[in-house]
Number of protein chains: 2
Amino acid sequence: MRQRGRNMQAEVLAALRRCGAPMSAYEVLDQVRDGNPRLAPPTIYRALAALIERGKVHRLESLKAFVACRCERHRHVPIFSICEECGTVEEAVSRDITNELSRIAGQSGFAPARHVIEVHGQCARCESKGAPA
Amino acid sequence: MRQRGRNMQAEVLAALRRCGAPMSAYEVLDQVRDGNPRLAPPTIYRALAALIERGKVHRLESLKAFVACRCERHRHVPIFSICEECGTVEEAVSRDITNELSRIAGQSGFAPARHVIEVHGQCARCESKGAPA
DNA sequence: AGGATTCATGTTATACTGTAACCTTTCTTG
DNA sequence: CAAGAAAGGTTACAGTATAACATGAATCCT
């Protein structure tokens, strides 16, 4: 039951995984369109929203882009390292940070529901290549 | 010298401070436009970019919005708590978190340059009003 | 079976966010 | 004053996202 919805989601997720790097919604659209000539933005955004809901995809807020989740365990708080030279994104997890972050936010009685943690900088590879920060 | 540029920045910053809450660039535009009938987006975006550069304004990536910095000390890493009920935003600082975050990201040789930390949830006030998360 | 219902997707149109590119004005400096 | 630099004006458009309604397939219920 309720199987139809998963098709588009599967195609979108596959496109994101093939790419590996962050993709804009419109890049996903172009990829998925290959098979389906008439695909419009809402379809992609709907699939992305569902995948994010299911923890299969993350949105990189500071890049306006999307990536497939690389962790087996979904339902975690992802920490992204974003290289501004090459665009590579690493996904990490730290219970310490998320706990501490919840604690800080909670000091004023705030109830955290969703964390956005993104670190921009330069990856080891680009740094060693000599590109100055 | 070089004084002209600060006027627009001052108006934009004043608008953000008057408002207190996050504003979209186009909301700022509407505010600042009162005095200057023909003001176009690039002017606002330029002023915002300069203010962000100077640490006077932060961009809330997950809201596509801007707020005046509330801390006296600029050049810190801000941590934002964003209430999804009422839109209120609190700005906090934690050296522990930013250090730990840099450490985590640095494990793979990544050199952090800019941190984005935003926590969505429900503020104490909205929570007590009974709005269920 | 057959109609009602539900839900993903198709479709159209548009709103919102952001910037490229070029021009004009003002200020500074020699 | 001429030359140059920096800010802002202006036009136009690119990129991101969603509202609103139509369509069609699977499911449910009697």
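All chains are named by letter (A, B, ...) in the order of the sequence lines, taking the proteins before the strands, and each is independently numbered beginning at 1.
Remark: C1' of dT17(C) and CD of Glu27(B) are 12 Å apart, rounded to the nearest angstrom. Atom pair Leu48(A):CG and dA8(C):P shows a separation of 15 Å (rounding to whole Å applied). Atom CZ of Arg33(A) is separated from atom C1' of dT11(C) by 12 Å (rounded to the nearest Å). Met8(B) has its CE atom 19 Å from the P atom of dA6(D), to the nearest Å. One can place CD1 of Ile44(A) at 17 Å from P of dA19(D), the figure rounded to the nearest angstrom. Atom CG of Asn7(B) is separated from atom C1' of dA7(D) by 10 Å (rounded to the nearest Å). Look at CG on Leu29(B): it is 16 Å from P on dA15(C), rounded to the nearest Å. To the nearest angstrom, P of dG18(C) lies 14 Å from CE of Met23(B).
Comparing dG18(C), dA21(C), dA17(D) by their closest approach to the side chain of Arg46(B) singles out dA21(C). Checking dT16(D), dA17(D), dG8(D) against every side-chain atom of Phe66(A), the shortest atom distance belongs to dA17(D). The side chain of Leu39(A) approaches dG10(C) more closely than any other nucleotide in the set dA17(D), dT19(C), dG10(C). Each of dT11(C), dT17(C), dA21(C) was ranked by its minimum atom distance to the side chain of Pro42(A); first place goes to dT11(C). With distances taken from any side-chain atom of Lys64(A) to the nucleotides dG18(C), dT11(C), dT11(D), the minimum falls on dG18(C). Of the candidate nucleotides dT11(D), dT16(D), dG9(D), dT11(D) has the atom lying nearest to any side-chain atom of Ala40(B). Of all nucleotides listed (dT19(C), dT16(D), dG9(D)), dG9(D) comes nearest to the side chain of Thr43(B).
Without hydrogens or angle criteria, Glu91(B) side chain to Arg70(B) main chain gives a donor-acceptor distance under 3.5 Å. With hydrogens and angles ignored, the 3.5 Å screen pairs a side-chain donor or acceptor of Glu118(A) with a backbone N or O of Ser62(A). Arg33(B) places a side-chain N or O within donor-acceptor distance of the main-chain N or O of Leu39(B), the cut-off being under 3.5 Å.
Using a 4.5 Å cut-off on side-chain heavy atoms (C-beta onward), Val93(A) and Cys71(A) make contact.
Counting atom types as modelled, Tyr26(A) pairs a side-chain N or O with a base atom of dA17(D) as donor and acceptor under 3.5 Å.
The shortest distance between the side-chain N/O atoms of Tyr45(A) and the OP1/OP2 oxygens of dT18(D) is not below 4.0 Å. Dashed line: the shortest gap from a side-chain N or O of Arg59(A) to OP1 or OP2 of dA17(D) is under 4.0 Å.
Mapping Pro41(A) and Ala47(A) onto DNA chain C via the closest heavy atom, the residue that lands nearer the 5' end is Ala47(A).
In summary, the side chains of Arg46(B) and Gln9(B) do not present any donor paired with an acceptor at a separation below 3.5 Å, with no hydrogens or angles considered.
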